[in-house]
There are 2 protein chains.
Amino acid sequence: MNSPIETPAATRQSERLGEQIEERIVTGVYPPGTRLDEQELADMFGVSRTPVREALIQLASVGLIEIRPRRGATVPEVGADRVCEMFEVMAELEAMCGRLAARRITPGEQCALQEAHRACEAARDANTPDVYYQLNEVFHQRIYEASHNSFLVEQASALHRRLRPYRRLQLRVRNRMATSFNEHQAIVDAILKGDSDLAAAQLRAHVTVQGERFADLVATLRDFKAGS
Amino acid sequence: MNSPIETPAATRQSERLGEQIEERIVTGVYPPGTRLDEQELADMFGVSRTPVREALIQLASVGLIEIRPRRGATVPEVGADRVCEMFEVMAELEAMCGRLAARRITPGEQCALQEAHRACEAARDANTPDVYYQLNEVFHQRIYEASHNSFLVEQASALHRRLRPYRRLQLRVRNRMATSFNEHQAIVDAILKGDSDLAAAQLRAHVTVQGERFADLVATLRDFKAGS
DNA sequence: CTCTGCTATCTTGTATACAAAACGGTGATT
DNA sequence: AATCACCGTTTTGTATACAAGATAGCAGAG
């Protein structure tokens with residue numbers, strides 16, 4: 001009934017603009033520190049400044065950009081430490097999803113979860129990280145939904161989305177796909193077994209690892225920079 | 001250094017408008033279902049529609065109002081079940097704050113926490129629920145900050161703020177103040193002892209109770225309505 | 001009498017115009 | 001030569017004007 005992605009009557013320009021700009025931010029087209037000139041964006045998208053401003057305000061209130069009064073909008077420098085903080089919170093949110101899912105998951109959702117899991121397995125076997133990455137999103141989304149807490153689903157999804165670029169960095173780390181899948185397996189087992197504490201712990205660890213990988217990566221980059 | 005309330009260079013009108021409107025929503029001046037007419041608000045605040053729109057968009061992206069394209073902004077009917085979901089998430093966020101605080105709190109923050117706690121005690125002894133309510137906010141904020149995760153502080157603060165009206169409902173429930181203070185005591189003890197698991201559990205319970213109280217209240221109201 | 005279709009009005013969404021503040025550059029002074 | 005002050009330019013913030021979609025009321029048909 002509800003199609004997963006719906007933009008039916010998204011009549012509002014600013015909505016679309018917001019998504020476009022967000023896309024450019026998370027994909028690195030607008031790297032941190034970029035100044036977002038309203039007129040420039042307006043010209044680029046062929047609209048006036050008004051919808052651009054509305055889009056920027058919306059992005060700002062989600063934390064994706066920073067608007068300082070009278071000084072314009074900029075893509076914030078997201079200090080690595082802050083990203084780690086976000087992973088820390090994400091780990092807890094996912095753990096919570098897992099805990100609730102283990103207790104509340106319905107038979108239908110069990111099937112959906114296993115299906116998503118098997119799809120990941122196929123991507124692993126095919127050694128296609130990009131596909132795995134996408135299916136991984138679905139897998140986690142299934143767990144969110146199984147928590148039967150719509151507010152939690154929204155919060156978790158939002159943060160997950162915001163962390164996407166940093167997770168993407170680790171895509172091709174050695175064996176990451178296989179390791180990730182094994183962790184998924186343990187998570188699925190725990191949830192289906194109804195062991196909420198175990199599911200929470202597994203998910204927390206699964207996400208925490210991602211945060212640590214990110215920290216490792218940053219540290220490596222820093223050393224690289226210092227050494228050059 | 002940082003004064004608790006600061007609006008130093010809040011040059012942007014929409015910022016101020018947003019706070020004003022938010023205040024009216026959470027205090028019930030604009031009850032759920034209210035239609036927020038842009039022109040009306042503009043006239044009321046003596047500004048044009050532009051800043052009003054910006055304020056509304058900001059509120060919408062935080063979830064405080066709902067904007068349906070071409071159909072205006074309304075204060076959403078927040079179904080009781082959704083509020084319960086929010087309390088469920090809040091409990092976990094606070095638990096996380098407690099867990100981290102127990103591990104990371106600094107001596108200075110220990111003092112600040114105890115100070116806030118003693119202030120609550122005074123309010124309890126004076127039997128002044130309104131004062132206790134305010135000091136309770138400070139107390140929880142202290143714990144947030146002691147987590148040393150600024151992102152978490154932001155998230156927790158935002159949700160805490162959003163749940164304010166529902167927490168307020170329980171202010172004068174019998175013995176609530178005394179019970180709350182006792183729970184606070186256990187939380188403080190756990191944090192100062194450095195027992196992160198205990199601190200998390202205590203805080204989770206402390207918040208969960210609030211959610212349950214709210215559910216009780218709703219159920220009571222429903223029965224009352226049905227019986228009348 | 002009810003239901004449907006049209007129209008008038010109102011409200012939202014977007015564009016443009018105007019005011020004020022911040023930024024940059026130039027020139028004078030020490 | 002360096003620093004500070006002043007002025008012009010640029011950009012944000014707000015107001016107004018205009019276009020298009022939605023709502024409500026009325027009239028006519030069944």
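From a predicted model like this one, the values you see are computed outputs, not experimental measurements. Chain letters run A, B, ... following the sequence lines, proteins first and then strands; every chain starts at 1.
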Report the distance from atom [atom1] of [X] to atom [atom2] of [N], rounded to the nearest whole Å.
X: B:L56; N: C:dT14; atom1: CG; atom2: C1'; answer: 16 Å
X: A:Q39; N: C:dA22; atom1: CD; atom2: P; answer: 20 Å
X: B:E54; N: C:dG13; atom1: CD; atom2: P; answer: 13 Å
X: A:R49; N: C:dA19; atom1: CZ; atom2: C1'; answer: 12 Å
X: B:R12; N: D:dG13; atom1: CZ; atom2: P; answer: 6 Å
X: A:E40; N: D:dT10; atom1: CD; atom2: C1'; answer: 13 Å

Need to verify one output field. Residue with the more 5' nearest nucleotide on DNA chain C, B:D37 or B:T50?
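Per heavy-atom nearest nucleotide, the more 5' residue is B:D37.
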
If only side-chain N and O atoms of B:R35 are considered, is one of them under 4.0 Å from the OP1 or OP2 phosphate oxygen of C:dT12?
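Indeed, a polar side-chain atom of B:R35 lies that close.
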
Check this one for me: any side-chain N or O of A:R53 less than 4.0 Å away from OP1 or OP2 of D:dT12?
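Checking D:dT12 against A:R53, no side-chain N or O comes under 4.0 Å of OP1 or OP2.
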
Side chain to side chain donor-acceptor pair (under 3.5 Å) between B:H148 and A:E85, intermediate numbers included
CA-CA 9 Å; B:H148 287 263; A:E85 290 181 352; over 6 Å; no

Is it the case that A:R104 and A:S147 place a side-chain donor and acceptor less than 3.5 Å from each other?
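There is no such pair between these side chains.
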
In terms of side-chain heavy atoms of [X], which of [options] is nearest?
X: A:Q13; options: D:dT12, C:dT14, D:dT14; result: C:dT14
X: A:P51; options: D:dT12, C:dT14, D:dT14; result: C:dT14
X: B:R70; options: D:dT11, C:dA20, D:dA20; result: D:dA20

Steps toward side chain to side chain donor-acceptor pair (under 3.5 Å) verdict (B:Y166, B:Q210)
CA-CA 9 Å; B:Y166 309 104; B:Q210 296 174 13; over 6 Å; no

Determine whether any donor atom in the side chain of B:R71 lies under 3.5 Å from an acceptor atom in the base of C:dG13, or the reverse, and answer yes or no.
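By the distance-only test, no, there is no pair.
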
With B:F139, which of B:H160, B:H117, B:H206 fulfils ring pair (Phe, Tyr, Trp, His ring centres under 6.0 Å)?
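One option only clears the test, and that one is B:H117.
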
